[in-house]
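Comments concern the structure below.
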Amino acid sequence: MSNAEDITPSPYRRTHTCGELRPTHVGANVVLTGWVNTYRDHGTGLIFIDLRDRYGLTQVVFEKGESPEELLTRSDKLRGEDVIAVEGKVRIRKGGPNPKLETGEIEVVVTRLELLNKTDTPPFVPDETTDLPNEELRLKYRYIDLRRPTMQRILSKRHRVMQVTRRYFDEHGFLEVETPILYKSTPEGAREFLVPSRHQPSDWYALPQSPQLFKQILMVSGCDRYMQICRCFRDEDPRADRQAEFSQIDLEMSFVQRDDVMNLIEGFIRRLWKEVAGFDPPPFPRMKYRDAMERFGIDRPDTRFDLFIQDISDIAAKTDFKVFKDALAKGADAPRYASRRGVVKAIRVPAGGGAEKLTRKLTDGYSEWIKGFGAGGVAVVKLNAQGTFETGIAKFVEVPGIKEEFISTLALKPGDTVLFVADTYAIATKSIGELRLKIARDVGLVPPSGPEGGPWNFLWVIDFPMFERNKETGKWVASHHPFTAPLPEQQKKFVEASLDDDDTIESMVSAGYDVVLNGSEIGGGSIRIHDQAVQSKVFALLGLTPEQAKEKFSFLLEALRYGAPPHGGLAFGLDRLVMHLVGTDNIRDVIAFPKTQTGADLMTRAPSHVTDQQLKDLHVKSTWVPTPKT
RNA sequence: GGGGCGGUAGCUCAAUUGGUUAGAGUACCGGACUGUCGAUCCGGUGGUUGGGGGUUCGAGUCCCCUCCGCCUCGCCA
């Protein structure tokens, strides 16, 4: 490492950044470096250049009489994105201040210019005033796109999030421990990326979906408190808020119960938002999974708007509406909340709260739209100003006896619109939950997000079911992951339960918890199983034989036998946290070098071909056959 | 794997039922201009309409195949 003091100072070593100079610097001789943002050429006598770096913009001026004659000629050739260094004197702007710039009161009269690097004409300019080029081009020339102040701010905010995170957990006694990227395939959950082993022909590493098992092992190791900002990999199709390669803030703690983790995490999020967003969130409400599903139709409720869902099966049964009757006939023998049991769910859109914007065209469209979620359609009714039901299924509810019950149950007022979905519990709940969100978007109930936008509604969702039935196979699957513990008071019941005791198994509630922000899951975790008997029971329920469980997770099962402390933890999606903090719904905006939907990096052009020799070394042969050109 | 949207000058976009030489703004090149700040004014260069095939007298436009990007369902313990 060379010592900076030992380097001969360049005549153009900068003295200030482009965001720094103020009237207090007037008279100083300064050197600035950066990119030519814009140039305004008034002829040989006067040229303005806005010089840009990460810190801001400063106007530098070449002026006849003040700048050397040869500079006037040379500066005439400067173009956007050239990299230059200028030396000159700071002075108050002759043409008056530019209030749009932090440095807008001053300018630098250039006495020396060095063209550090002439640019090719850039494919686009990193300018916030012109229309952005399409994302494909932005990704190909990511280094130009990242020069935009907006992108620089995002990079810097992401950096802040990581710094606050490390500081907070350090203050609370956490050790940051790195865990392997070349890991073992554990083929539950997401599809994995595989890496062939050179030393062990035909064997493969997998890239971790998360460091889950390692962090539990670290607890067995006596680490007590672990955290890591780590990269995770899931070879599934991306979405606007999802990349195959993403980052987690991962943590785990020993000798804790659910509340200990939740309190510490809540402190973290509140600190993070205070320091990065300047917002101090109130204590997070806690909502049970069942309540979330009943009132919001989703396990990550967006509570920024008050559209509530209600189960109105009892009244619906009294109507003569065939759609309701047919739905309610499904699984009538099944217990309440059973996924196959028929229900009728309603959502009330209040007058003055969006009902007037729910046009016939919109509500007609919902029936078609909701079929995408498996529901048959959406029934609609309005209570008009005279207190009479009209449109849609009015004739089925404008019935003495039924009408009053409808109005009182749903607390209807004149002008309200009610939408209904009738189907099995599973389908009706999910689809009316989606409908709630769609209505909110359609009638403008969703506040703008981000730093300048609407509220930050944090909440905890707790008491998740431990197991769900897989729709196709009918087998039990872990709702969270197979290492999630049941609530302590249920543990005994669970261990003693018979594998075919469906009622007991379905009633098991896990010690898991999710952090939800404005309808988006930003983190989740649980207290883990530290007892081998419980862990074996879970594996048995999931249909894993002891041999299979041993093959896949022997190291964990073994570790649990050697003095595993009770432990629990949580992981945040770092990218999603940053998305909220910067107010974007595009995850690629918060990743410096993101990938496309087909997993391509348009800048480096990864993935790419490798040589036959490389494959041979790895004992790998491709079976892919190109489709013949026609 | 399914559904939807998009790809026209370096960039952002336009182009009537299929019809003249595919236009505009911006960038770029040249010129004018001493107070601009998205400078202005004058002139100019710039096109495999993503690629391939087809229908037609004639295709940016219609049909088929294909590539790429985005959104979405499935998927994401």
Side-chain angles (χ1 to χ4, degrees), chain A residues 37-51 57-67 72 76-77 79-81 92-101 103-104 107 109 119-141 144 186-192 209-210 212-213 232-244 246 369 371-374 434 466-468 470-472 476-484 512 521 524 526 538 542 544 552-553 573 585-586 588 595-598 600 602 605 627-630:
Chain A
N37 194 60
T38 49
Y39 62 95
R40 296 177 290 279
D41 183 356
H42 288 252
T44 48
L46 184 68
I47 293 173
F48 298 99
I49 287 189
D50 289 340
L51 195 60
L57 283 179
T58 299
Q59 171 165 290
V60 303
V61 54
F62 298 84
E63 183 181 4
K64 200 171 192 170
E66 301 282 342
S67 307
L72 296 170
D76 188 43
K77 300 282 179 251
R79 290 297 177 268
E81 301 313 302
I92 295 294
R93 288 189 179 210
K94 276 191 187 171
N98 180 353
K100 290 183 200 162
L101 296 183
T103 62
E107 64 188 4
V109 201
T119 181
D120 283 359
T121 299
F124 60 93
V125 286
D127 184 347
E128 310 279 41
T129 58
T130 51
D131 290 335
L132 279 181
N134 71 56
E135 199 170 359
E136 206 171 336
L137 206 73
R138 289 174 52 203
L139 292 174
K140 181 172 178 189
Y141 298 95
I144 296 177
T186 54
E188 269 74 38
R191 187 182 298 116
E192 297 171 318
Q209 301 173 36
S210 85
Q212 179 63 34
L213 300 187
C232 304
F233 306 86
R234 294 177 189 173
D235 191 5
E236 301 289 352
D237 288 355
R239 288 287 185 277
D241 61 351
R242 221 165 75 188
Q243 284 260 303
F246 64 102
W369 175 85
K371 286 177 185 165
F373 300 96
E434 295 290 342
M466 279 191 71
F467 304 99
E468 293 162 18
N470 178 292
K471 273 167 279 181
E472 279 126 41
W476 291 112
V477 292
S479 305
H480 189 44
H481 59 56
F483 316 107
T484 304
E521 184 197 324
S526 62
V538 171
L542 299 181
L544 288 177
K552 286 172 181 169
F553 306 113
D585 51 13
N586 179 352
R588 295 177 298 281
K595 294 183 175 60
T596 67
Q597 284 214 336
T598 53
L602 297 181
R605 299 177 56 153
T627 29
K629 295 274 179 208
T630 45

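In this text the structure is predicted, and so the values were computed from the model without any measurement. Letters A, B, ... mirror the listed sequences (proteins, then strands); counts begin at 1.
- Residues meeting the ring-ring contact (aromatic ring centres under 6.0 Å, His included) test with A/Trp369, sequence neighbours left out: A/Phe373.
- Phosphate proximity of B/rC71 to A/Gln597: present, with a side-chain N or O under 4.0 Å from OP1 or OP2.
- Across the P atoms, B/rG44 and B/rG50 are found 28 Å apart, a figure rounded to whole Å.
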Using a cut-off of under 3.5 Å, enumerate the N/O to N/O pairs linking the protein to nucleotides 37-41 of chain B.
| unit_1 | atom_1 | unit_2 | atom_2 | d |
| --- | --- | --- | --- | --- |
| B/rC37 | O4' | A/Arg40 | NE | 2.9 |
| B/rC37 | O2 | A/Arg93 | NH1 | 2.9 |
| B/rC37 | O2 | A/Asn98 | ND2 | 2.8 |
| B/rC37 | N3 | A/Arg93 | NH1 | 2.8 |
| B/rC37 | N4 | A/Gly96 | O | 3.2 |
| B/rG38 | OP2 | A/Lys100 | NZ | 2.9 |
| B/rA39 | OP2 | A/Arg40 | NH1 | 3.3 |
| B/rA39 | N6 | A/Asp41 | O | 2.7 |

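- Residues A/Phe467 and A/Val538 are in side-chain contact: their nearest non-hydrogen atoms beyond the backbone lie under 4.5 Å apart.
- As rounded to the nearest Å, B/rU40 and B/rU34 have C1' atoms that lie 14 Å from one another.
- A/Thr598 comes within contact range of the sugar-phosphate backbone alone, with a heavy-atom separation under 4.0 Å but no base atom that close.
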Going through the distances and angles, do A/Arg242 and A/Arg234 end up as a side-chain contact (heavy atoms from CB on, under 4.5 Å)? CA-CA 10 Å; A/Arg242 221 165 75 188; A/Arg234 294 177 189 173; over 6 Å; no

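- Across the strands present, B/rA59 finds no partner; the criterion is a Watson-Crick or G-U wobble pair with both atom distances under 3.5 angstrom.
- A donor and an acceptor atom, one from each side chain of A/Glu81 and A/Asn37, are nowhere located under 3.5 Å apart.
- In this structure, A/Arg79 places its CZ atom 16 Å from P of B/rU26, rounding to the nearest Å.
- Under the Watson-Crick or G-U wobble criterion, with both distances below 3.5 Å, B/rC5 is paired with B/rG69.
- At whole-Å resolution of the value, CG in A/Leu139 and C1' in B/rG6 are 16 Å apart.
- Taking the side chain as every heavy atom from C-beta outward, A/Leu51 and A/Gln59 never approach each other to under 4.5 Å.
- Within the nucleic acid shown, A/Arg138 has no heavy atom closer than 4.0 Å to any nucleic acid atom.
- Atom NZ in A/Lys77 sits roughly 9 Å away from atom P in B/rC29 (whole-Å rounding).
- Taking atom P on both nucleotides, B/rC29 is separated from B/rU45 by 16 Å, rounded to a whole Å.
- Atom CD in A/Gln209 sits roughly 9 Å away from atom C1' in B/rC76 (whole-Å rounding).
- Remark: A/Arg239 is in phosphate contact with B/rC73, judged by side-chain N or O atoms under 4.0 Å from OP1 or OP2.
- Judged purely by atom type and a 3.5 angstrom limit, A/Ser479 uses its side chain to pair as donor or acceptor with the backbone of A/Met466.
- To the nearest whole angstrom, the two C1' atoms, one in B/rU12 and one in B/rG6, are 14 Å apart.
- Atom-to-atom, CG of A/Asp237 to C1' of B/rC70 comes out at 13 Å; the value is rounded to the nearest Å.
- Look at B/rC41: its Watson-Crick or wobble partner, with both distances under 3.5 angstrom, is B/rG31.
- Across the protein-nucleic acid pair, A/Glu135 atom CD and B/rC5 atom C1' stand 14 Å apart, rounded to whole Å.
- Residue contacts shown for A/Arg191 are absent, as no nucleic acid heavy atom lies under 4.0 Å away.
- The 5' end of RNA chain B is approached more closely, in terms of each residue's nearest nucleotide, by A/Asp241 than by the other of A/Ala190 and A/Asp241.
- Distances were taken from every side-chain heavy atom of A/Ala240 (C-beta onward) to each of B/rU72, B/rC70, B/rC76; the shortest belongs to B/rU72.
- Contact annotation: A/Thr596 reaches the phosphate of B/rG69 (side-chain N/O to OP1 or OP2, under 4.0 Å).
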Scan nucleotides 8-12 of chain B against the protein and return all N/O pairs shorter than 3.5 Å with their distances rounded to 0.1 Å.
| unit_1 | atom_1 | unit_2 | atom_2 | d |
| --- | --- | --- | --- | --- |
| B/rG10 | O2' | A/Pro123 | O | 3.0 |
| B/rC11 | O4' | A/Pro123 | O | 3.2 |
| B/rU12 | OP1 | A/Asn134 | N | 2.6 |
| B/rU12 | O2' | A/Asp131 | OD2 | 2.9 |

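- A/Ser210 meets the side chain to side chain donor-acceptor pair (under 3.5 Å) test with no other residue; sequence neighbours excluded.
- A/Arg605 places its CZ atom 12 Å from the P atom of B/rC68, with the value rounded to the nearest Å.
- Atom-to-atom, CD1 of A/Ile49 to P of B/rG35 comes out at 17 Å; the value is rounded to the nearest Å.
- Comparing atom distances between the A/Glu136 side chain and each of B/rG30, B/rC76, B/rG69 picks out B/rG69 as nearest.
- For A/Lys140, there are no salt bridge (charged side-chain N to carboxylate O under 4.0 Å, His left out) partners, not counting sequence neighbours.
- Shortest non-hydrogen contact noted between A/Phe233 and A/Phe246 is N-CE2, 4.4 Å.
- Spacing of C1' atoms, B/rC11 relative to B/rG47, comes out at 14 Å, to the nearest Å.
- Residue contacts for A/Glu468: at a heavy-atom cut-off of 4.0 Å it reaches no nucleic acid atom on any strand shown.
- Aromatic ring centroids of A/Phe483 and A/Phe553 lie under 6.0 Å apart.
- Within 6.0 Å of the CG atom in A/Asn586, the count of heavy atoms belonging to other residues, nucleotides or ligands exceeds 12.
- Comparing the P positions of B/rC64 and B/rG38 gives a spacing of 49 Å, expressed to the nearest Å.
- Only the C1' atoms considered, B/rC13 is 14 Å distant from B/rG60, to the nearest whole Å.
- Counting atom types as modelled, A/Arg234 pairs no side-chain N or O with a base atom of B/rC76 as donor and acceptor under 3.5 Å.
- In this structure, the salt bridge (charged side-chain N to carboxylate O under 4.0 Å, His left out) partners of A/Arg191, at least two apart in sequence or on a different chain, are A/Glu236.
- Look at the P atom in both B/rG10 and B/rU49: the space between them is 12 Å, to the nearest Å.
- B/rA24 is paired with B/rU12 under the Watson-Crick or G-U wobble criterion, all donor-acceptor distances under 3.5 Å.
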